[in-house]
Amino acid sequence: MDINGGHPFWGIVRLVVMFAGLTTFLYLNSDNFDNGEVLTIMELLVLACGFEAGRKLIQSKQKE
């Protein structure tokens, strides 16, 4: 079992764990969990997914 990125499943698991932690920390540290926190989570999700996609693209081009 290769957990270092050999399968797309592991990237998804990594994102889920990261965002579960982010959501937990934002919830525990806010007085009022509102749209600001939800927007922060969504923006970081887009950023992290873009980073993962870019990383995979660069890795695939380096293999060529």
Side-chain angles (χ1 to χ4, degrees):
M1 178 171 12
D2 178 21
I3 63 171
N4 292 320
H7 193 276
F9 173 75
W10 296 114
I12 294 168
V13 169
R14 202 170 25 247
L15 286 173
V16 167
V17 169
M18 184 172 62
F19 281 94
L22 174 67
T23 303
T24 301
F25 288 142
L26 285 172
Y27 179 76
L28 292 174
N29 290 315
S30 82
D31 294 329
N32 183 15
F33 194 82
D34 58 4
N35 289 339
E37 283 81 15
V38 174
L39 184 60
T40 299
I41 293 167
M42 291 176 64
E43 289 170 343
L44 287 173
L45 180 62
V46 169
L47 181 67
C49 289
F51 177 78
E52 282 290 321
R55 187 173 68 86
K56 290 288 186 184
L57 181 66
I58 290 170
Q59 284 178 345
S60 69
K61 291 202 182 232
Q62 286 177 349
K63 287 182 182 178
E64 292 177 358

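Worth knowing before you read on, the calculation uses all heavy atoms, side chains too, and leaves out hydrogens, waters and symmetry mates. Quantities reported herein were computed from a predicted structural model and do not represent experimental measurements.
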With sequence neighbours excluded, what pairs up with N29 under the side chain to side chain contact (heavy atoms under 4.5 Å, CB included) test?
F25
Are I12 and L47 grouped together when hydrophobic residues (ILVMFWY) are joined by side-chain heavy atoms under 4.5 angstrom apart?
no
Is the CE atom of M42 crowded by more than 12 outside heavy atoms at less than 6.0 Å?
no
Checking I41 now: which residues fulfil side chain to side chain contact (heavy atoms under 4.5 Å, CB included) with it, not counting sequence neighbours?
F19, L22, T23, L26, F33
Is N32 reaching over with its side chain to a backbone N or O of D34, donor-acceptor style, under 3.5 angstrom?
no
Between F9 and V16, is there a shared hydrophobic cluster once you connect ILVMFWY residues whose side-chain heavy atoms come closer than 4.5 Å?
no
According to a hydrophobic-cluster definition based on side-chain heavy atoms being under 4.5 Å apart (Ile, Leu, Val, Met, Phe, Trp, Tyr only), do F51 and V17 belong together?
no
